[in-house]
Every structure is written in C-alpha cells, then in structure tokens.
Amino acid sequence: MFSSQPSGDVPASGPPAWRNGFAALGPAFFTELRPTPLPTPQAIASSQSAARWVGVSPEWLASAEAVQAFSGNAVLPGMQPLASVYSGHQFGVWAGQLGDGRAILLGETAGGIEVQLKGAGRTPYSRMGDGRAVLRSSIREFLCSEAMHALGVPTTRALCLTGSPAPVYREEVETAAVVTRLAPSFIRFGHFEHFAARGQEAELRQLADYVIDRYYPECRTAEATAQLGGTPYAALLQAVSERTAALLAQWQATGFCHGVMNTDNMSILGLTIDYGPFQFLDAFDPGHICNHSDSQGRYAFNRQPNVAYWNLFCLAEALMPLIGEAEIAQAALESYKTVFPAEFIARMRAKLGLLQPAPGDADAALIDALLQLLAAGRVDYPIFWRRLSHARASGDYAPVRDLFLDRAGWDAWLPAYQERTAQNDPAQAAVAMLKANPKFVLRNHLGEEAIRAAKAGDFSVLHTLQALLETPFDEHAEQDARWADFPPAWASTIEISCSS
C-alpha cells in the first residue's frame with residue numbers, strides 16, 4: 001500500500017536519486033523527449049511537506065539547480081523524461097488517442113515517487129496545443145493539490161511552482177508556469193482503454209501486471225481472487241472500484257467538485273488527479289456545475305458518484321480481454337455500490353460528531369434531512385460545518401440557526417440531532433468535529449485573489465493562503481475576516497473552464 005504522507009526521513013541535501021519503473025514498460029507506452037526550456041524561470045512556491053515526502057531538502061529545492069530542473073531547462077543525472085500515451089472518454093464520448101499533452105514524467109525517485117512536470121512544452125500527444133500551462137491555472141493546481149492532502153483526501157501532490165515571463169496565448173496573453181507534480185503513479189483508466197481499443201492485448205496485460213505487482217500485490221492472493229473467477233485482473237478492478245468509491249465519498253463530504261471527470265482524468269490508484277476547473281462549494285447546491293465548459297452539467301456535484309461508476313464500467317470493458325467473463329467483471333464492480341454509501345455515511349457521521357453508528361438507517365435519515373435543508377437554503381457549506389462544530393461545544397446553536405432562511409426547518413431538525421448526540425460528551429464530540437470540518441478551504445475567490453496578486457508580481461497572497469490551507473483545521477483567529485468568511489458577491493461571477 002502506498003502513502004501520500006511524508007515519510008519522516010531526513011531529506012537529502014541534493015537532488016533525489018532516480019529509478020524509472022514506468023519507463024521499463026517499453027516504447028509502446030510512451031515517447032522519450034526532453035522538456036522545452038523556459039526563459040528566465042523563477043521559483044514561486046514550494047511545499048515543504050511534499051519535499052519531505054519525496055526526500056529533498058528545502059535548501060536544494062530553492063537552489064538554481066532545482067529551479068532549472070523543475071522548469072524543464074535541465075535534465076539531472078538519472079532522469080529519463082517521457083510523455084505517456086493513453087486514450088479515453090471525454091464528457092461521455094470516446095475521444096480516441098490522447099496522452100500527456102503538456103505533462104512530462106521526469107522519472108521516479110528511489111523512494112518510488114514519480115515526478116512530473118505539467119506545462120513543460122509540446123509532446124507528440126499535444127494535438128493542437130502548445131504544451132504549456134499558464135500561471136493562473138498552475139497556482140490553482142499547486143494550492144489545491146496541497147490543500148486536498150491537508151484535508152486527508154487522496155491526491156497527487158505539488159512539489160513546487162515555477163514561473164516565466166514567456167507568453168502563453170489563451171483567451172488573452174498570459175505568462176507560463178510549471179507545476180512539479182508527485183504521485184506513486186500517474187497511470188489512469190485511459191491507459192488501459194488505449195491498449196484495449198487498439199486490440200493490443202499483450203501490452204494491456206503487461207500494464208495490468210505492472211500495476212498489480214507495484215501497487216496491488218494483494219490482488220494475486222487466493223483470497224482476493226476466490227470470488228472472481230480466480231483472476232487477479234478482476235481483483236484489480238474490484239480494488240480500484242473500492243478505492244474510487246472511497247475517494248468519491250470524500251469528495252462529496254468535503255464539498256469538492258472536480259469539473260472534468262473524464263476517464264483519462266481518473267487515477268488507477270484512486271487519487272484526485274488533474275486539477276482543472278475544480279471548485280469547493282460555497283453555497284450548498286447539489287446541482288452545482290463548476291466547469292463553465294460543461295454545458296450539459298455532466299459533471300455537476302451530485303452526479304459525481306454515478307459518473308465515477310460509469311468510468312469504472314469503461315475500465316471494466318477495457319479489462320475484459322484479461323477478465324474474460326462479463327459476469328465476473330460486473331461482480332468486481334458491485335463493491336462500488338456498497339463501499340461508496342458506507343464511506344459517505346462514515347464521513348458525514350464524523351462531520352456531525354456522531355461517535356458511534358446508530359442502528360439501522362437512522363443516521364442516513366438524519367443526514368439526508370440535513371442535506372435537504374442545506375440545499376433548500378443554499379447554506380454556506382464550510383461555514384455551516386465549522387459553526388456546528390463550535391455549537392456542539394458551547395450548546396449555543398443560534399449562530400448555526402442564523403445561516404438558514406427556513407428557521408422552522410432548522411428548528412424541526414435540531415431536536416433529532418440533539419437526541420441522537422445526547423449520549424456523547426459534547427467536548428469530545430466537538431474536538432472530533434473540528435478535525436473533520438475545516439475552517440479554511442480553497443474557495444474560488446481566494447484562489448482568484450492569489451492569482452491577481454501574482455500576475456502583478458506579488459506572491460505574498462499565494463504564500464499566506466498556502467500556509468492556511470496546509471493547516472485547514474486550525475483556528476488562526478486573526479485570519480477570519482479575509483480567509484474564512486462568506487464569499488464576496490463577485491465570487492459568483494468567476495468562470496472556470498478547461499482552458500489553462
């Protein structure tokens with residue numbers, strides 16, 4: 001089992017040692033190429049937590065050598081840069097061959113962490129794109145990667161962010177940036193779809209064996225395969241389904257909207273990957289669409305769990321040459337339908353401070369009634385949960401009640417909640433709730449403030465916001481007014497699309 005937690009090892013004083021597991025798969029899986037250099041790169045931000053995980057020191061990460069390497073200007077000894085090929089379904093439609101259009105994998109550290117540059121230039125899979133990323137979207141990805149990690153949500157990480165005055169042409173002329181991303185693996189559902197669609201069963205099997213042996217070795221045990229036709233490939237599908245279900249439960253409980261849940265944006269390890277037009281909910285609106293490009297609302301917040309299952313079904317179809325029987329593949333997918341609701345209820349119990357499950361469906365009914373109330377009044381999602389956490393300790397629910405237009409509805413729900421929690425120690429429950437309900441989340445307007453300041457050459461807003469998002473459950477009372485308050489009116493006018 002991999003971990004995205006810092007290892008606690010003493011960071012190296014220089015660059016990491018490298019090995020290249022994915023590159024050993026062979027040229028059918030990637031194209032070797034060097035990143036395209038950027039003029040006069042500068043360090044903008046870095047994550048000390050991610051640096052500890054990957055085993056490098058803050059001093060080296062701030063060095064000229066690191067800035068050059070993580071801007072695509074230098075290839076360090078041991079790196080083997082490559083862009084991988086994959087295919088996928090985009091907005092529910094088969095898109096054919098895709099691939100790393102602006103991402104280049106530098107290699108894998110000796111500790112087993114892949115290091116990838118996003119925005120490092122054109123690749124054979126860029127299609128009509130330039131392979132670059134702009135400062136605007138790179139800031140959002142850097143901040144959200146580390147914010148999600150601090151929230152305990154499985155995610156790719158962001159080691160550092162560099163920028164350059166080089167122009168990048170989008171809706172307007174912007175400047176270039178590169179995010180250095182980390183993950184145990186960047187393999188996606190789309191990698192499997194690619195070889196299945198091309199009838200390359202040998203490569204499909206090679207890829208599946210690589211993923212099982214590296215990341216899911218338990219799938220080869222007799223226990224894992226006993227109910228699934230004795231095949232490790234069905235066991236892999238089941239394990240990925242369960243990990244994806246747990247991830248989606250965390251997204252829904254956290255109020256996170258991904259925005260582009262294409263199959264090529266789904267991690268085989270159940271990580272949050274590819275931060276494009278994402279958003280954390282302000283007002284609780286189950287039908288919220290965070291991606292301005294999603295005209296049909298396919299990836300609306302309340303559709304995310306079903307879309308994830310649809311994507312897993314596509315993965316199952318890709319694995320069919322290895323699994324063999326449709327009934328076995330369907331059985332492997334079934335676990336999603338049990339793991340997701342169980343994980344979601346567990347997450348919501350933690351947010352409510354329910355220290356033990358209630359018998360039957362009582363907790364589910366309590367949670368459903370609350371979510372309906374929140375939706376009806378479009379109640380601010382992060383503020384509601386934080387106020388509720390404090391109310392459990394003080395016994396004063398008036399600040400929570402003030403959030404609702406339908407006061408009668410809240411007044412009707414509260415007694416059931418108080419009865420449900422009567423046997424729990426309020427102080428103990430409040431402590432647990434404050435660890436489950438963050439005070440600071442990356443709201444769109446906060447990211448926009450950091451972006452606007454950065455475009456003007458001021459990175460202090462970015463650094464302050466990063467520090468708060470890395471400790472999202474702490475109080476930082478002096479920061480309330482700016483960073484943990486209701487969004488301003490202009491926040492609703494922000495449009496986030498797939499353009500980056």
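Residue numbers start at 1 and run along the sequence shown. Values below: every heavy atom of this structure, side chains too, minus hydrogens, waters and symmetry copies.
You'll find the side chain of I451 stays beyond 4.5 Å of the side chain of L135, heavy atoms only. The closest side-chain heavy-atom distance from K351 to L370 is not below 4.5 Å. Counting heavy atoms from C-beta on, the side chains of F440 and D474 never come closer than 4.5 Å. Looking at P472 and L151, their side chains come closer than 4.5 Å, going by heavy atoms from C-beta outward. Side-chain contact between P488 and H445 is present, with heavy atoms from C-beta onward closer than 4.5 Å. Considering only heavy atoms from C-beta on, E193 stays 4.5 Å or farther from Y86 through its side chain. At least one side-chain heavy atom of M348 sits under 4.5 Å from a side-chain heavy atom of L371. Inter-residue side-chain proximity for Y336 and P305 is flagged as met; some heavy-atom pair is nearer than 4.5 Å.
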Carefully, step by step, assess N302 and H288 under the rule side chain to side chain contact (heavy atoms under 4.5 Å, CB included). CA-CA 8 Å; N302 59 357; H288 181 70; over 6 Å; no
I would like to know whether T263 and F192 meet side chain to side chain contact (heavy atoms under 4.5 Å, CB included); could you show each step before the answer? CA-CA 10 Å; T263 58; F192 293 87; over 6 Å; no
Residue pair S49, E470: steps toward the side chain to side chain donor-acceptor pair (under 3.5 Å) verdict: CA-CA 9 Å; S49 170; E470 288 177 343; over 6 Å; no
Are L312 and T244 close enough, and set up right, to give a side chain to side chain contact (heavy atoms under 4.5 Å, CB included), and what steps lead you there? CA-CA 9 Å; L312 285 163; T244 303; 4.0 Å; yes
Start with the C-alpha gap between L248 and M261, add the side-chain angles, then the distance that decides, and say whether side chain to side chain contact (heavy atoms under 4.5 Å, CB included) holds. CA-CA 11 Å; L248 267 291; M261 288 180 63; 4.2 Å; yes
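Atoms NE2 and CD1, on H191 and I268 in that order, are 10.0 Å from each other to the nearest 0.5 Å. Taking CD from Q48 and SG from C160, the interatomic distance works out to 10.5 Å, rounded to the nearest 0.5 Å. One distance of note links OG of S46 with CG of L161; it measures 9.5 Å at 0.5 Å rounding. Separating the CD atom in E174 from the OG atom in S138 is a distance of 9.5 Å, to the nearest 0.5 Å. Here T156 contributes atom OG1 and H149 contributes atom NE2; the two are 11.5 Å apart, rounded to the nearest 0.5 Å. Remark: C144 SG to H258 NE2 distance equals 9.0 Å, nearest 0.5 Å.
Counting only distance, with no hydrogens or angles, the side chain of Y299 and the backbone of F91 share a donor-acceptor pair below 3.5 Å. Side chain of E146 to main chain of A158: a donor-acceptor pair is present (N/O by atom type, distance under 3.5 Å, no hydrogens or angles). S63 contributes no side-chain N or O that, together with a main-chain N or O of E59, makes up a donor-acceptor pair within less than 3.5 Å. Side-chain N or O atoms of Y417 include one that pairs as donor or acceptor with a backbone N or O of L352 at under 3.5 Å. At least one donor-acceptor pair closer than 3.5 Å links the side chain of S492 to the backbone N or O of A489. Although no hydrogens or angles enter the test, the distance criterion places no donor-acceptor pair under 3.5 Å between the side chain of K118 and the main chain of V179. Judged by distance alone, with hydrogens and angles left aside, the side-chain atoms of T254 form no donor-acceptor pair with the main-chain N or O of F256 at under 3.5 Å. Looking only at distances, a side-chain donor or acceptor of E114 sits under 3.5 Å from a matching main-chain atom of F186. Here the side chain of H463 pairs a donor or acceptor atom with the backbone of I44 at under 3.5 angstrom. With hydrogens and angles disregarded, no donor-acceptor distance shorter than 3.5 Å links the side chain of D100 to the backbone of L105.
In summary, R188 and D264 do not engage in a salt bridge, as defined by a charged side-chain N under 4.0 Å from a carboxylate O. Looking at R181 and D274, a side-chain N of the basic residue comes within less than 4.0 Å of a carboxylate O on the acidic one, giving a salt bridge. R443 and D380 are joined by a salt bridge, as a carboxylate oxygen and a charged side-chain nitrogen come within less than 4.0 angstrom of each other. The existence of a salt bridge linking E334 and K337 is confirmed by a sub-4.0 Å separation between a basic side-chain nitrogen and an acidic carboxylate oxygen. Between E475 and R386, at least one side-chain N (NZ, or NE/NH1/NH2) sits under 4.0 Å from a carboxylate O, which counts as a salt bridge.
Residues W483 and H476 keep their aromatic ring centres 6.0 Å or farther apart. Residues F70 and W60 bring their aromatic ring centres within 6.0 Å.
Exactly one of T272, L182, L271 qualifies for a side-chain contact (heavy atoms from CB on, under 4.5 Å) with T155. That residue is T272.
Across all non-hydrogen atoms, the minimal contact from P382 to V441 is CG-CG2, 3.9 Å. Considering all non-hydrogen atoms of both residues, P277 and C290 come closest at O-SG, 2.8 Å. In terms of heavy-atom proximity, A150 sits nearest to F473 at O-CE1, 3.6 Å. When all heavy atoms of G270 and P154 are compared, the closest pair comes out as O-CB, 3.5 Å. Scanning all heavy atoms of the two residues, the minimum distance from S145 to R157 falls at CB-C, 4.0 Å. What you find for G409 and L373 is that their closest heavy atoms are O-CD1, 3.5 Å.
Under a cut-off of 6.0 angstrom, the local environment of CG in D361 is sparse, with at most 12 non-hydrogen atoms contributed by other residues, nucleotides or ligands. The environment of K455 atom NZ is dense: over 12 non-hydrogen atoms of other residues, nucleotides or ligands sit within 6.0 angstrom. Around CD of Q418, the count of heavy atoms belonging to other residues, nucleotides or ligands within 6.0 Å exceeds 12. Within 6.0 Å of atom NE2 in H292, 12 or fewer heavy atoms from other residues, nucleotides or ligands are found, so the atom counts as exposed in its surroundings. Heavy-atom neighbours of E478 CD from other residues, nucleotides or ligands within 6.0 Å: above the threshold of 12.
The aromatic rings of F301 and F284 lie perpendicular to each other, with more than 60° between the two planes, well past the 30° mark. The aromatic rings of F278 and F280 sit perpendicular, their planes meeting at an angle over 60°, well past the 30° parallel limit.
For R140 and Y275, the positive end is not near the middle of the six-membered ring at less than 6.0 Å and at most 45° from its axis.
Listed by first and then second residue, the salt bridge (charged side-chain N to carboxylate O under 4.0 Å, His left out) pairs that reach into residues 412-431 are D363-R420, sequence neighbours excluded. Applying the side-chain hydrogen bond (donor to acceptor under 3.5 Å, both in side chains) test to residues at least two apart or on different chains, the pairs with a partner in residues 406-416 are R401-D411.
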